[in-house]
Amino acid sequence: MSNPTKVPFLDLVTPHKDLREELLAVVNKAFETAGFIGGPMVETFEQEFASFCHTKYCVGVNSGTDALRFAFMAAGVGQGDIVVTVPHTFIATTEAISQAGATIAFVDINERSFTMDPVKLREYLENKCDFDASAKKLVERKSKKRVAAIVPVHLYGQTADMDPILDLAEKFNLIVVEDACQAHGAEYYSEKDKTWKRAGSMGVAAAFSFYPGKNLGACGEGGAITTNDAVLAQRMKMIRDHGQAKKYYHDIEGYNGRLDSIQAGWLSVKLRHLEKWNAARRALAHRYHEFLSELKDSIGIPVEAPWTRGVYHLYVVRVQDREAFQAQLAEAGIGTAIHYPIPLHLQKAYQHLGYSTGAFPATERVAAEIVSLPMSPQLDHTQQEMVVRKLREFLAAKVETIQ
């Protein structure tokens, strides 16, 4: 029988116990005021999170998926338009594209950063599309559809390489919407602007998820959209609330996609601790780097490019025979996870797009080898050393078997 978990993959119990009184005070406030939807707690969180992301506006919504969908709709991505993203991400990225009425196109990732490869993006835009300079319109040659937007995904807490992506977007008159659902507080150094920029501040809009396991997680569902565009922010507020300009005045058809006040209040409490928690994640990641550096010939460890300061939502390594690896760690009471074992272009849901095995080789290689090790601010050094010890034992046994 396997041991009970000694090192959980993610500890969601401890931080909520530590913040119990502050979190329950939020609930009491909602009960006393009957302010359950919208209102001061939502508005306060929106202001605080916009400031945190170095943006002018934040619009709270009910999930990261709706954050993406509403951003596309507000930015004018329409029926049949093509939106370009990566196949190595959670399906919410592409669901939002489809639900906005758009068509998905994939480009491969950089195998070291796990994020969109600007070289592959350029190849797609220049070799598979034609640009009408007079109309400022990019059209995919095969489908004859307009290419409207790019969605770089800041994955595992690391930002995509945004300068070349934004340059291509400007060249071809494309919208950039950041998927920052795993990158709360991550930073990107723009060589072009000679400054560090927060995830969520670089595109026309950006989507965040507050699913409980995120670096900033609600005690339920939640999401937000950040932007520096006042018109876009107002449009997204209408979309999330049945298209209302004011109560019972519907300028457009919208959705019921609001962030409730208790979740917003909880997020405000947690936001005060986020910088500290992210610093703890970075420190743990660097300890993993040091412990595993001597094993780099046997295991792939995360590479933090010089243009990113990651917040390590996940610590993802690459190993051969990962099922055996996970089983051995589970036997020792160590939790692990896989994000994401089947690339989106090979999922049954997207068979209609016509992609096949081999279409995106970097994504496919990564998907076959990735394993996420325990990572949370509450992970202590003893637990981390246990994880590394068991990993070393697994790799040593593999070497002996080969010999």
Side-chain angles (χ1 to χ4, degrees), residues 26 30 35-53 55-77 83 90-102 149 151 153-154 175 177-184 199-201 203-247 250-268 270-271:
V26 169
F36 301 118
I37 301 294
M41 282 200 284
V42 173
E43 292 167 4
T44 296
F45 172 69
E46 289 174 335
Q47 293 165 5
E48 292 170 344
F49 194 65
S51 177
F52 176 82
C53 294
T55 60
K56 294 180 180 178
Y57 309 102
C58 169
V59 179
V61 295
N62 66 1
S63 69
T65 311
D66 270 357
L68 279 168
R69 177 168 57 148
F70 297 166
F72 297 143
M73 295 171 63
V77 175
V83 177
F90 184 54
I91 195 172
T93 308
T94 46
E95 282 177 330
I97 295 170
S98 299
Q99 290 165 6
V151 184
V153 181
H154 304 316
I175 295 161
V177 176
E178 300 170 66
D179 182 336
C181 289
Q182 297 184 6
H184 314 68
S201 69
V204 297
F208 288 87
S209 167
F210 302 126
Y211 189 75
K214 304 296 186 184
N215 290 34
L216 179 64
C219 297
E221 296 282 1
I225 315 156
T226 54
T227 184
N228 288 310
D229 187 317
V231 174
L232 205 62
Q234 183 58 35
R235 200 174 299 152
M236 291 185 292
K237 287 181 180 180
M238 291 172 61
I239 292 170
R240 74 174 176 184
D241 192 19
H242 299 288
Q244 296 183 107
K246 61 180 180 178
K247 196 169 182 66
H250 306 271
D251 290 3
I252 58 173
E253 281 192 337
Y255 294 83
N256 182 4
R258 297 166 294 200
L259 177 66
D260 74 67
S261 58
I262 291 177
Q263 295 297 347
W266 277 333
L267 288 165
S268 284
K270 290 182 165 188
L271 184 57

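Keep in mind that the numbers below use all heavy atoms, side chains included, and drop hydrogens, waters and symmetry copies.
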Problem - Minimum heavy-atom distance Glu48-Ser268, with the two atoms named - result: OE1-OG, 2.7 Å
Handout entry: Heavy-atom pair with the smallest gap, counting every atom of Ala245 and Asp251
Key = CB-OD2, 3.5 Å
Exercise for the section: Could you tell me whether a side-chain N or O of Gln263 sits under 3.5 Å from a main-chain N or O of Cys219, the two making a donor and an acceptor? Expected result: yes
Problem - Partners passing ring-ring contact (aromatic ring centres under 6.0 Å, His included) against Phe45 (at least two apart in sequence or in another chain) - result: Phe49, Phe210
Handout entry: Residues in side chain to side chain donor-acceptor pair (under 3.5 Å) contact with Glu95, at least two apart in sequence or another chain
Key = none
Practice task
Could you check if a side-chain atom of Val61 sits within less than 4.5 angstrom of a side-chain atom of Phe70, using non-hydrogen atoms only?
Solution key: yes
Problem - Gap between atom CZ of Phe90 and atom OG of Ser209 - 0.5 Å precision - result: 9.0 Å
Completion exercise
Distance col, row Lys237:NZ vs Leu232:CG, nearest 0.5 angstrom, shows 12.0 Å
Exercise for the section: Heavy atoms only: give me the nearest Thr65-Ala92 pair and the separation to one decimal. Expected result: OG1-CB, 3.4 Å
Problem - Counterpart residues, ring-ring contact (aromatic ring centres under 6.0 Å, His included), relative to Tyr57 (two or more places apart) - result: none
Practice task
For residues Ala199 and Ala183, report the shortest heavy-atom separation together with the two atoms involved.
Solution key: CB-O, 3.6 Å
Practice task
Under the salt bridge (charged side-chain N to carboxylate O under 4.0 Å, His left out) rule, collect the residues that match up with Asp260, sequence neighbours excluded.
Solution key: none
Practice task
List in chain and number order the residues that pass salt bridge (charged side-chain N to carboxylate O under 4.0 Å, His left out) with Arg240, two or more places apart in sequence or in another chain; answer none if no residue qualifies.
Solution key: Glu46
Practice task
Give, for atom CZ of Arg69 and atom OG of Ser63, the distance between the pair rounded to the nearest 0.5 Å.
Solution key: 7.5 Å
Problem - CG on Asn256 to CD1 on Ile239, rounded to 0.5 Å - result: 14.0 Å
Fill in the blank from the handout: Applying side chain to side chain contact (heavy atoms under 4.5 Å, CB included) to His250 and not counting sequence neighbours gives His242, Gln244
Practice task
Rounded to the nearest 0.5 Å, what's the gap from CZ on Arg258 to CG on Asp241? Could you check?
Solution key: 4.5 Å
Exercise for the section: Can you sort out the partners of Ala102 under side chain to side chain contact (heavy atoms under 4.5 Å, CB included), two or more places apart, ordered by chain and number? Expected result: Val77, Val83, Ile97
Fill in the blank from the handout: Heavy-atom closest pair (Ala264 atom, Met41 atom, distance to 0.1 Å) is CB-O, 3.7 Å
Exercise for the section: Quick one: which residue pairs count as a salt bridge (Lys or Arg N to Asp or Glu O under 4.0 Å) with a foot in residues 211-228, not counting sequence neighbours? Expected result: none
Exercise for the section: Taking the side chain as every heavy atom from C-beta outward, state whether Asp179 and Leu68 have any pair of such atoms under 4.5 Å apart. Expected result: yes
Fill in the blank from the handout: dist Leu267:CG -> His184:NE2 (nearest 0.5 Å) comes out at 8.5 Å
Exercise for the section: Please report the closest heavy-atom contact between Ile225 and Ala205, naming both atoms and the distance. Expected result: CG2-CB, 4.0 Å
Practice task
Name all residues meeting the side chain to side chain donor-acceptor pair (under 3.5 Å) criterion together with Asn215; count only those two or more places apart in sequence or in a different chain, and write none if there are none.
Solution key: Asn278, His313
Fill in the blank from the handout: Residues at least two apart in sequence or cross-chain that pass side chain to side chain contact (heavy atoms under 4.5 Å, CB included) with Thr55, listed by chain then number, are Ala50, Cys53, Ser201, Thr226, Asn228
Exercise for the section: Applying side chain to side chain donor-acceptor pair (under 3.5 Å), name anything that partners Thr227, two or more places apart in sequence or on another chain. Expected result: none
